[in-house]
Each structure stands twice: as structure tokens, then as C-alpha cells.
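All values derive from a computational prediction rather than experimental measurement. Below, chains carry the letters A, B, ... as their sequence lines are ordered, and counting in each starts from 1.
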There are 2 protein chains.
Amino acid sequence: MGAVMTASKSEAAYQLVSERIVNGAYSPGYRLVLGTIADELGCSVVPVREAIRRLEAEGLVHFTRNVGATVAHVDSTLYLHTMQTLMIIEPAATALAADAMDAAWLAEARKLNDAMRQCLEDFDPVAFTRMNTEFHKLLYGQCPNPHILDLVQRGWRRLAAMRASSFTHIPSRAKASVQEHEALLELIANHATPAQIETACRAHRANTLNAYLASAGMPPSAI
Amino acid sequence: MGAVMTASKSEAAYQLVSERIVNGAYSPGYRLVLGTIADELGCSVVPVREAIRRLEAEGLVHFTRNVGATVAHVDSTLYLHTMQTLMIIEPAATALAADAMDAAWLAEARKLNDAMRQCLEDFDPVAFTRMNTEFHKLLYGQCPNPHILDLVQRGWRRLAAMRASSFTHIPSRAKASVQEHEALLELIANHATPAQIETACRAHRANTLNAYLASAGMPPSAI
DNA sequence: AGCACACTGATCGTATACGATTTGATGTAC
DNA sequence: GTACATCAAATCGTATACGATCAGTGTGCT
């Protein structure tokens, strides 16, 4: 326990609830009662309340005055909106991170994508999803603009919360996804411009979104 | 005063401080002391603290544990990051709002842009800035994706907070800006695709950003 | 039976209080 | 004169307490 321990209780509450929502321990609709969480953390309700309000701002929980907070419900509209946002921001973040994509970076990305291909052969969708998240993190993670980076991370956290609830998973996309990753890495290896990287990355995200929309009988995204 | 009055004190505090930051009453660096604001609102520090933390999440205030909050400082890096974010999101929001751009909408947008041109002749930069904000709000305002809309609005609020502090204003851009607005409206009138609208809008934002970067002796944005 | 209404238990919203932490100033040694 | 230790005032972080509000339930009336 000799660790820094500079974190506030409000921060601890945020971490706890946030993690439980993202990894699915708290399912959509779960009622977040301040007093209960406060007891669990051994603190009072004030810091918990602050944490909940932060999560509300992130869109992970729904809050009603004088009633309380619940983990946000997932529906096709929310999924569409989140994916659309990510489809716009992540490619830009990736393009802006182009400077950091050197040979070592490429090697790591290729290794990860190869591992994803292996997951396909092993029929291991859980590992595939985990690695896919990691791969994309590698793409946008070095974005030098902290605002954009933050937005991308929030989007992925929301997606994680949804995926944990088994809301959506389209196996047929997985194989194409790995190939698109491959093509994107090839582009980067050949010193494509940031604009080209953004375009390719956007196409990749759009394909994923449109595959879902098609499976739900909805028209493809306008952009 | 017979109004609904369902707003919480925390909400009132948020509105007050937020407005003062955006309209410049609180300048960058201004120290936000919980007790002082609480006294002014006639409430205790708890709701004020909550409001401040919300503003922190929005990026309008800087917060240090055990020290307190100050209105976020504006520097060229922050301005660059905010503009870059807006350059990515606003064109997408505008493209997604294409469905709502009918004849009536076009007429209003043209009227507003004409008024902006008049401001140029009258050398009235304050009115010009206000109308420019309004014009862009007209562009993205009908975006059907609430997440994206929210991000754009937050970006503009940050810009407003910066502009109020007279951080940046490039008169030479104003004339070109009006012409680019004109061209964009022409595109929309001719039923351009959402993708085309996005591209034109992005170019418009990029021009503004790059004009600033050039004036500051910095290289243009990568995307 | 069906509807309206009062009541109750649970939970939230905020005030107040107090310990914890930081900052800046003062004094002292070198 | 500079560097450092010490101290006091200011401010924050959180616990506790209590009034306010809401969802659910039971009762009486039509």
C-alpha cells in the first residue's frame, strides 16, 4: 500500500463504476444507487455522486433528477450514433498519429493483426474482439491532439459497454476486417499521406457500420 | 418568476459560470473559488463544485486537486487542438444535416451570409463574428446525431471563450470566408451529396485554421 | 371493477462542519 | 543576498445530517 495513493475517493468511485460498466458487470438498465456504491467503497455519497455525474457526461449512464442513475440502455439508434461518431473521429486521430508510425510500430501492428487472423482460425471471437480493440488503440493511440484522443477513447468505451451486453457482433465482418487492417498497414508502410490514411481508415469504419445497418435492414450511413 | 423553476442549484451554478466564461466576464486564468461563487448564488459549495467539475470535463476550466479551478488558459496549442477537432467534426455534422436543408433553410442561410458581407463593408468585426457563429450553427444545427451535435457545440463554446479574450482574429480571412460560405450554399442548392458537402465544409475550416497557423509561423495542419 | 388519492419507504439534493492539503510569507542560517 | 525550514491563512475534499421529491401501495369512492 506504499503506492502513491494520491487518488481521491471520487476518482476511485469513477474508476470502479466505469470499469464495471465497460466490462459488463453492470448491465444496461442496472440501477446505480449512491448509498450502495458508497458503502461498498467505504466512503460517503458525495464523491460517488460526482463520479456518477461524470459518467453521465460521458454517456455511459442515464440520470434523472430526484430519481437516480441507471446504466444507459443500448438500442440500435445509440449504437448507430456512437459508431458514426467514431467513424468520423478515429480516422482523423489515426491520420494525425501518422508521424509516430515507424518501423517498430509497424512490426507490432502486423504481429497483432496476424494474431487476429489466428483467432479467426481458432473460432475465438472473444480474443478477436479484445485484439481488435488493441489494434485500433495502436492506430489512434499516438494522436498528438489530446481532445481528439479523448473523444476516440470515450467512443471505444461506449462500444465496449455495448459489446459486453452482447448487443452486436457480426462474424462475417471479421475476416474482411483483418484484410482491411492489412491493406491499411501496407498503405502506412508505403508512406501514404495522412489524408490517404484517414480515407482508408474511414472506409474501414464505414464498412463495419454499414454491415450492421444492412443486417438490421437499415439504409447505409450518409457519409 | 412563475416559471417552472425545476432547475437544481447545481444547474444554476453551471449556467452562471459557463455563461461568464463564454462571454468573457471570467478571463482565462481567473481563479474560480467555490465559496465565493456559492455565496453569490446563495447556496453551499457542493452544487458549485459539481458545476465546476462539469465545466472541467468540457475543457473550459482547468482543475487541480486540493488547489482549485481556474478558467482555462488559451495558448496557440489549445487553439490549434480545438480548431482541429472542430475541423473534423463540424463538416461531418453539416453533411449529416443535409436532409434538413430545404429551400426555406437556404433562403435563411443566404440572408445571413449577405448580412455578414454587409458587416465587412461596415467594418463591424463584432457583428461579423456573431453572425459567423450563427451561420455555422445553421449549418450543423440540424445534425440528427446528438453526440456529434454536442461535440460541435462544445467546440464552439470553447472558441467563444477564446475569442472573448481577443486571442485570435484574422481580418484578412473574413472576406474569403464569406465567399466560401457562398460556394458552400451553392453546392447545397445544387443537391450535392453529403460527402461533397463535408469536403467543402472541411476545406473551409482548414483554410481558417491554416490562415492562423501561417500567421503564427507554424506549418499547416496535416489533414 | 376501475379510478383517484393519500400515505410510505426509498432515494436524492444540498447545507453545514471539519480534517487535509496547499500556498505564500516570515524568519533564520549560511 | 540566497536558500531553506517553519508557520498561518486560505481553500479544498469528504462525512454527516436533514429536508425534498418520487415510485409504489393500499384504501375508499363511484
From CZ of A/Arg54 across to P of D/dG13 the rounded distance in Å is 12 Å
Which part of the nucleic acid does A/Leu32 contact within heavy-atom distance under 4.0 Å: base, sugar-phosphate only, or nothing?
sugar-phosphate
Any idea which of D/dT14, C/dT14, D/dA15 is nearest the B/Pro47 side chain?
C/dT14
Of the nucleotides C/dT16, C/dT11, D/dT11, which one has an atom closest to the side chain of B/Arg31?
D/dT11
For B/Glu50 and D/dG13, what is the distance between atoms CD and C1' respectively, to the nearest whole Å?
15 Å
Using atom CG of B/Asn66 as one end and atom C1' of C/dT23 as the other, report the distance to the nearest whole Å.
12 Å
What contact category does B/Arg53 fall into here, base, sugar-phosphate, or nothing, at under 4.0 angstrom with non-hydrogen atoms?
nothing
Starting from P on D/dG13, measure out to CD on A/Glu11 and report it in whole angstrom.
12 Å
Whether A/Ser215 side chain and A/Tyr212 backbone form a donor-acceptor pair below 3.5 Å
yes
Write down the distance between CG (B/Leu41) and P (C/dT14), rounded to a whole number of angstrom.
11 Å
So among B/Leu55, B/Thr70, B/Ile37, B/Val48, which one has a side chain to side chain contact (heavy atoms under 4.5 Å, CB included) with B/Leu32?
B/Ile37
Counting side-chain heavy atoms from C-beta on, which of D/dG13, D/dT11, D/dT14 comes nearest to A/Ser44?
D/dT14
Using the closest heavy atom to pick a nucleotide of DNA chain D for each, name whichever of A/Val67 or A/Cys43 lands nearer the 5' end.
A/Cys43
Would you mind classifying the nucleic acid contact of B/Val46 as base, sugar-phosphate or nothing, using non-hydrogen atoms under 4.0 angstrom?
base
Nearest listed nucleotide, side chain of B/Arg49, among C/dC12, D/dT16, D/dC12
D/dC12
Run the salt-bridge test on B/Glu180 and B/Arg173 with the 4.0 Å N-O cut-off and return the result as yes or no.
yes
Taking atom C1' of D/dG13 as reference, at what distance in whole Å does atom CZ of B/Arg65 sit?
7 Å
Decide, yes or no, whether a salt bridge links B/Glu56 with B/Arg53 under the criterion of side-chain N to carboxylate O below 4.0 Å.
yes
What is the distance from CG of A/Leu34 to P of C/dA10, rounded to the nearest Å?
16 Å
When rounded to whole Å, the NZ to P distance for the pair A/Lys9 and D/dG13 reads 13 Å
Ion pair check, B/Glu50 and B/Lys9, cut-off under 4.0 Å
no
Need one value for B/Thr64: base, sugar-phosphate or nothing, where a base atom within 4.0 Å counts as base even if backbone is also close, heavy atoms only.
nothing
